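Small disclaimer: the values here were computed from a predicted structure and weren't measured. Sequence lines set the chain letters: A, B, ... in the order given, protein chains first and strands last, and positions in each chain run from 1.
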Amino acid sequence: MDKALPLDNDGHLLHLADWSEQAAQQLAASENIELSEAHWEIIYLLQEFHQRYALSPPMRPLVKYIAQNLGKEKGRSIYLMQLFPPSPARVASKIAGLPRPENCL
Amino acid sequence: MFRHAPYGNALAREGLEAALACGAMGAKTSVLYINEGVWQLLAPQDSSAIDCKNQAAMASALPLYDIDEIWVDADSLKQRNLSGSDINAGHIIDSSRVQALLASSKNILSF
Amino acid sequence: MILHTVNKSVFDNNALGDCLRVVTSTDVILLIENGVYGALNKPQSEPGYVERIQALSADGTGFYVLQADCQARGLQDRALLPAFKITDDAGFVDLASAASAIQSWY
């Protein structure tokens with residue numbers, strides 16, 4: 001890492017204000033993920049969710065929100081599983097700089 | 001069952017989180033705003049200056065958590081000089097429907 | 001049957017009044033902790049309170065107070081509203097297990 005970002009015990013950013021695309025790359029690397037356009041689309045949508053609802057969504061609401069905004073093809077857990085294994089809600093929220101979703105295994 | 005006003009204590013927030021958790025786990029969940037709980041539905045809310053999460057914003061996510069039955073007690077609104085145009089979500093029901101809702105519930109969590 | 005428990009004094013909180021508005025004739029109300037003051041047979045601040053309890057009781061709603069909480073507060077020898085029966089912890093358990101759901105008013 002170029003610069004140490006303050007993280008919580010689960011490796012999530014302590015402060016969303018520290019988030020940048022570069023920070024996202026670092027967080028993704030810690031999950032062995034290389035970010036593509038398909039990842040960024042989800043990351044920005046997650047941040048929009050958090051902005052709008054003040055929540056970090058677990059799997060079901062995340063899938064529903066993505067289906068509403070990006071269509072049913074992408075609003076499926078298998079699609080998210082391919083992008084953000086092994087636990088899409090947790091991993092994607094981490095890369096998006098959000099707290100770990102509650103009620104998330 | 002949400003019976004307390006938001007922000008003064010943690011009850012409203014905890015109730016909402018419990019409902020969201022039930023929804024996220026796939027448990028069939030209805031929410032009822034009654035008594036002081038109807039204050040939770042006033043909009044717009046801006047809680048930034050008191051350093052709390054915006055509960056109206058959180059509550060607006062309920063349908064995404066598969067909670068589509070959002071009920072509001074008519075008498076509680078009336079007692080507080082509120083009407084349907086003051087609240088940002090939910091279907092207003094009278095006390096006989098509140099009674100039926102409680103009677104048909106397997107578990108009731110009250111906050 | 002829904003078992004409604006109320007644990008706040010009727011003199012400083014509307015929990016019992018709120019409960020009375022939605023309780024049905026098949027339900028049971030149990031006053032516990034400071035809620036037991038609601039069983040006292042004296043004029044209440046809430047208009048129509050005593051009449052409402054009497055009417056509900058006549059329709060079949062059950063009214064109970066928890067003995068230990070009455071005793072602790074020195075209410076054991078005081079006159080209670082006639083609708084109220086006194087019960088103990090074992091009675092509380094029986095009511096709870098007979099109920100389809102429990103609603104706690106606090």
Side-chain angles (χ1 to χ4, degrees), chain B residues 1-6 8-19 22 27-41 69-82 90-111, chain C residues 1-35 38 44-49 51-53 55-64 66 92-93 95-106:
Chain B
M1 192 157 168
F2 299 146
R3 293 192 54 244
H4 294 89
N9 56 38
L11 280 171
R13 162 98 186 257
E14 286 177 358
L16 200 46
E17 284 179 353
C22 290
K28 188 179 179 316
T29 308
S30 310
V31 298
L32 169 66
Y33 292 87
I34 189 169
N35 311 134
E36 288 286 270
V38 297
W39 294 120
Q40 295 180 35
L41 292 169
E69 292 195 6
I70 299 170
W71 308 111
V72 187
D73 175 56
D75 290 339
S76 304
L77 290 176
K78 204 171 148 202
Q79 286 172 343
R80 291 161 183 79
N81 289 319
L82 298 173
H91 300 280
I92 299 171
I93 56 174
D94 63 19
S95 54
S96 66
R97 294 202 39 209
V98 171
Q99 290 172 334
L101 178 66
L102 296 182
S104 67
S105 299
K106 198 171 162 199
N107 291 294
I108 304 168
L109 302 182
S110 182
F111 292 93
Chain C
M1 180 269 272
I2 298 173
L3 174 61
H4 301 262
T5 64
V6 180
N7 78 339
K8 292 289 187 295
S9 168
V10 71
F11 298 100
D12 83 343
N13 188 292
N14 208 36
L16 181 56
D18 292 340
C19 169
L20 290 173
R21 282 206 300 109
V22 298
V23 76
T24 71
S25 61
T26 56
D27 292 348
V28 169
I29 296 176
L30 170 64
L31 305 184
I32 60 173
E33 302 167 26
N34 284 345
Q44 307 287 333
S45 52
E46 189 150 328
Y49 168 85
E51 292 74 14
R52 178 109 177 91
I53 288 177
L56 282 165
S57 173
D59 280 350
T61 307
F63 287 87
Y64 293 88
L66 200 60
F92 190 170
V93 172
L95 289 171
S97 53
S100 62
I102 299 173
Q103 161 59 13
S104 165
W105 300 83
Y106 61 91

Considering only heavy atoms and a distance below 4.5 Å, find which of B:L102, B:L11, B:N35 pairs most often with chain C. B:N35
dist B:Q79:CD -> C:D18:CG (nearest 0.5 Å) comes out at 7.0 Å
Is it the side chain or the backbone of C:I102 that comes within 4.5 Å of chain B heavy atoms, both, or neither? backbone
Let me confirm one number: the CG-CD distance from B:N107 to C:Q103, rounded to the nearest 0.5 Å. 11.5 Å
Take C:R21 and B:D73 through the test side chain to side chain contact (heavy atoms under 4.5 Å, CB included) and record every step on the way to the result. CA-CA 11 Å; C:R21 282 206 300 109; B:D73 175 56; 3.4 Å; yes
Gap between atom NE2 of B:H4 and atom OH of C:Y106 - 0.5 Å precision: 6.0 Å
Counting C-beta onward and ignoring hydrogens, is there a side-chain heavy-atom pair between B:I34 and C:V22 closer than 4.5 Å? yes
Where does B:S105 contact chain C at under 4.5 Å (heavy atoms): side chain, backbone, both or neither? backbone
